[in-house]
Amino acid sequence: MHGLSFGVQQVKDTSISIPHENHNNQNKRQENRRAQSTRTARRKYFRMAKRGRHNQEKPPAEAPHAPHAPEMANPGEDLITELRGLLSLSPVMDPSSLNEQATIQRDEVNSIEENNNRANNVEGECTDDIQNEELKVGDEKLDDEKDTEKDDQGVDIIDGFMKCIKDWGIEHKIFTISVDNASNNDVAIRIAKETFSRSRKLPLGGKLFHVRCAAHILNLVVQDGLSEIKNIIDDVKESVRFINQSESRLMKFSDIVHHLGIPVKRLIIDCPTRWNSTYEMLVEAIKVKDAFPIFAQREASYNCCPSLEDWSKVEDVVEILEVFYEATHVISGTDYPTSNVFLVVIWRVKHVLNEKENHTNELIRGMVRKMKRKFDKYWGDCNLLMCIGAILDPRFKMRLVEFAFSKIYDECEARTNVMKVRDALYDLFFEYVEAEHTKTRKNGSFVSDSSSSMSYTSSTSKEKIVPCGLSMFDQYLNVVEVDTPMKSELDIYLEEGVFRCQDGEVTSEFDALAWWKSHELKFNILSKLARDVLAIPISTVASEATFSAGTRVLDPYRAKLSSEMVVLICGADWVRQLHGIMKPIMAHEDEEQIDVILRA
């Protein structure tokens with residue numbers, strides 16, 4: 001079996017580059033084994049011939065001494081050939097001895113073949129591993145190149161950002177930064193967070209610093225879901241387009257709608273890059289769904305009529321998209337604070353996805369699960385900003401957090417997240433308290449120094465010390481105001497009941513910032529915290545841009561925004577808001593939906 005171990009060793013040497021012996025020595029040992037096998041066979045033949053039990057077969061010839069071959073043969077295969085030759089000798093031998101010898105030799109042949117196959121498998125596996133490793137290395141190099149490009153873009157973004165805030169003189173006042181979910185923005189925010197952390201302490205250790213655009217996330221979730229039902233949406237779109245292709249078809253369909261008594265005046269052909277137009281198209285089409293089968297009976301060439309099952313799926317889709325449609329309009333507002341209404345709409349989206357996740361229809365179930373995976377990628381964990389913003393709305397306080405978490409989490413997880421939010425709110429509040437006390441001590445020190453100088457001037461002129469009235473009052477306050485109050489402003493605020501509007505309902509017209517301004521004397525520190533948190537924008541785009549899945553077009557006004565140009569743009573928005581002028585929304589022709597007006 002020496003040849004077998006050598007054969008495996010040879011395969012290993014070829015596969016994983018283990019050092020091997022000189023080829024000349026290997027050829028010599030191979031030749032000696034072949035000659036030894038031939039001599040053994042001849043001796044067996046002549047012993048049988050002396051006993052008279054041989055046939056007319058000739059003994060095997062002596063193996064000639066051939067020169068060394070340039071390429072070395074597989075030793076395992078040579079041994080297999082020699083042993084098979086031995087098995088073919090002496091058919092007149094004793095049956096029992098022949099059977100025993102043949103069994104032993106066959107076992108040896110099978111063992112050699114099995115080990116040879118195993119060696120070949122080892123070589124193949126090693127080759128596959130090497131190829132896979134090379135592919136992995138190539139992928140890693142490509143990923144590294146992409147990461148490097150993203151890092152470079154992120155550095156460029158943060159360089160431009162830092163230049164602007166220094167020009168405006170607000171580098172020490174940055175509270176949060178709201179951006180969309182581009183990877184280069186993630187790099188920029190990470191660098192900005194590290195930079196600001198070196199010079200000052202960020203609120204809550206920077207947990208609120210990076211704000212992801214909520215409208216952009218909703219758009220990603222919806223686009224993922226719509227890709228699962230593309231065929232059904234295409235059937236509805238093609239049906240409306242087919243009707244609109246000729247005047248006669250439009251008149252025929254309008255007559256059907258009129259006879260059915262359906263009060264619908266139009267249909268919509270959606271814009272592929274704006275999912276809100278897809279939602280509106282489906283909503284209008286559902287209203288006249290009974291007219292499509294009748295139209296199909298009168299129009300032979302109409303072959304894309306949705307079935308009853310398709311309309312049932314469309315109704316389920318519309319029910320889901322309606323929540324996203326309303327949520328996007330709410331959080332994309334520009335005339336009111338949005339961080340306090342963040343939780344109000346997002347928990348409802350999560351609740352609907354949880355309810356529809358186990359839908360009876362497989363297509364709707366697949367759509368919802370895909371949307372839920374995208375949703376959980378960004379909002380699966382408890383979002384502190386949306387919760388703190390809701391608590392600082394006097395209509396909600398902790399009640400909304402407790403109610404929403406009970407709907408979207410199990411009991412244990414809901415309780416844990418409620419405590420997490422409460423602790424974060426108190427930590428943030430005490431940071432503001434500490435900052436206010438530090439500011440008060442500095443102002444007190446300045447007043448005391450001024451009073452001392454005034455007293456010193458008065459004493460030098462009159463040659464006696466005349467205490468200042470304000471400094472004496474400060475000394476009195478230091479005696480009587482030693483003990484801090486038992487309840488903080490935040491405790492008092494949370495213990496009070498929620499604010500109810502005059503009609504007894506929670507309305508969207510409530511101005512949270514105006515409420516805090518009117519209660520500034522009662523909640524001196526907490527009102528400052530509320531002002532900062534409620535001013536955080538949770539969306540970076542207007543609602544029309546939110547619905548669009550297309551890329552933004554850079555016009556001359558957006559090709560390069562210097563710090564001066566940004567100030568002018570913001571100033572124009574403030575002037576429009578002051579005078580009640582609506583900002584015009586620029587839309588491109590290829591992003592416009594088509595309204596199909598039905599004839600009366």
Side-chain angles (χ1 to χ4, degrees), residues 180 213-245 249-250 253-254 257 262-289 291-292 304-306 310-334 345 349 352 363-364 367-368 370-371 374-375 539-553 582-598:
D180 60 21
C213 176
H216 186 245
I217 296 175
L218 288 178
N219 187 33
L220 294 177
V221 174
V222 173
Q223 295 297 340
D224 272 15
L226 292 180
S227 64
E228 292 292 310
I229 57 170
K230 185 177 183 299
N231 294 334
I232 298 177
I233 295 176
D234 289 344
D235 285 343
V236 176
K237 181 191 299 185
E238 290 302 321
S239 296
V240 179
R241 182 178 285 119
F242 180 85
I243 294 171
N244 192 48
Q245 282 177 349
R249 294 173 185 172
L250 184 59
F253 189 82
S254 300
V257 172
I262 303 175
V264 174
K265 301 298 183 181
R266 67 166 186 165
L267 294 176
I268 295 175
I269 301 176
D270 73 330
C271 173
T273 60
R274 292 174 54 209
W275 68 264
N276 68 316
S277 67
T278 303
Y279 166 77
E280 293 171 354
M281 177 189 70
L282 297 178
V283 169
E284 296 298 328
I286 287 176
K287 297 177 182 178
V288 295
K289 66 178 182 179
F292 287 100
C304 55
C305 179
D310 290 339
W311 284 117
S312 177
K313 295 175 183 177
V314 169
E315 289 175 349
D316 290 329
V317 170
V318 167
E319 184 180 353
I320 296 171
L321 292 183
E322 182 181 7
V323 181
F324 287 88
Y325 188 81
E326 295 176 354
T328 304
H329 274 294
V330 171
I331 65 179
S332 299
T334 57
V345 295
V349 172
V352 169
L363 183 65
I364 302 299
M367 168 189 169
V368 172
K370 192 170 184 180
M371 297 172 76
K374 181 68 72 172
F375 183 94
S539 173
T540 60
V541 293
S543 58
E544 284 297 316
T546 299
F547 293 122
S548 176
T551 57
R552 295 178 178 177
V553 178
M582 297 296 297
K583 183 178 181 180
I585 298 176
M586 299 179 60
H588 300 277
E589 294 183 358
D590 58 348
E591 288 193 357
E592 286 295 319
Q593 66 186 23
I594 301 175
D595 289 345
V596 180
I597 307 300
L598 301 181

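By convention here, the first residue in the shown sequence is residue 1.
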Sub-3.5 Å donor-acceptor pair from the side chain of R241 to the main-chain atoms of I269, do we have one? no
Look up atom [atom1] in [X] and atom [atom2] in [Y], then write down how far apart they are to the nearest 0.5 Å.
{"X": "W275", "Y": "T328", "atom1": "CH2", "atom2": "OG1", "value": "4.0 Å"}
{"X": "L250", "Y": "L267", "atom1": "CG", "atom2": "CG", "value": "8.5 Å"}
{"X": "K230", "Y": "D235", "atom1": "NZ", "atom2": "CG", "value": "10.0 Å"}
{"X": "E238", "Y": "Q245", "atom1": "CD", "atom2": "CD", "value": "8.0 Å"}

Counterpart residues, side-chain contact (heavy atoms from CB on, under 4.5 Å), relative to [X] (two or more places apart):
{"X": "K370", "result": "D224, S227, E228, R373"}
{"X": "K289", "result": "W311, E315"}
{"X": "V257", "result": "F253, I262, V288, A291, L598"}
{"X": "V330", "result": "V341, V345"}

Would you please name every residue forming a side-chain hydrogen bond (donor to acceptor under 3.5 Å, both in side chains) with K374, sequence neighbours left out? none
Which atoms form the tightest heavy-atom contact between [X] and [Y], and what is the distance?
{"X": "M371", "Y": "V222", "answer": "CE-CA, 4.2 Å"}
{"X": "C271", "Y": "T278", "answer": "O-OG1, 4.3 Å"}
{"X": "M281", "Y": "I268", "answer": "CG-O, 2.9 Å"}
{"X": "Y279", "Y": "Y325", "answer": "CD2-CD1, 3.5 Å"}
{"X": "A215", "Y": "I331", "answer": "N-CD1, 3.8 Å"}
{"X": "V236", "Y": "A285", "answer": "CG1-CB, 3.7 Å"}

Only one of N219, L218, V352 passes side chain to side chain contact (heavy atoms under 4.5 Å, CB included) with F324, and that residue is L218
Is there a side-chain contact between V317 and I232, using heavy atoms and a 4.5 Å cut-off? no
Are I229 and K313 side-chain neighbours, meaning at least one heavy-atom pair lies under 4.5 Å? no
Among residues two or more places apart or on two chains, list those pairs meeting salt bridge (charged side-chain N to carboxylate O under 4.0 Å, His left out) that have a residue in residues 321-332. none
Start with the C-alpha gap between L321 and L226, add the side-chain angles, then the distance that decides, and say whether side chain to side chain contact (heavy atoms under 4.5 Å, CB included) holds. CA-CA 9 Å; L321 292 183; L226 292 180; 3.9 Å; yes
Could you tell me if S277 and D270 have a donor-acceptor pair between their side chains, going purely by distance under 3.5 Å? no
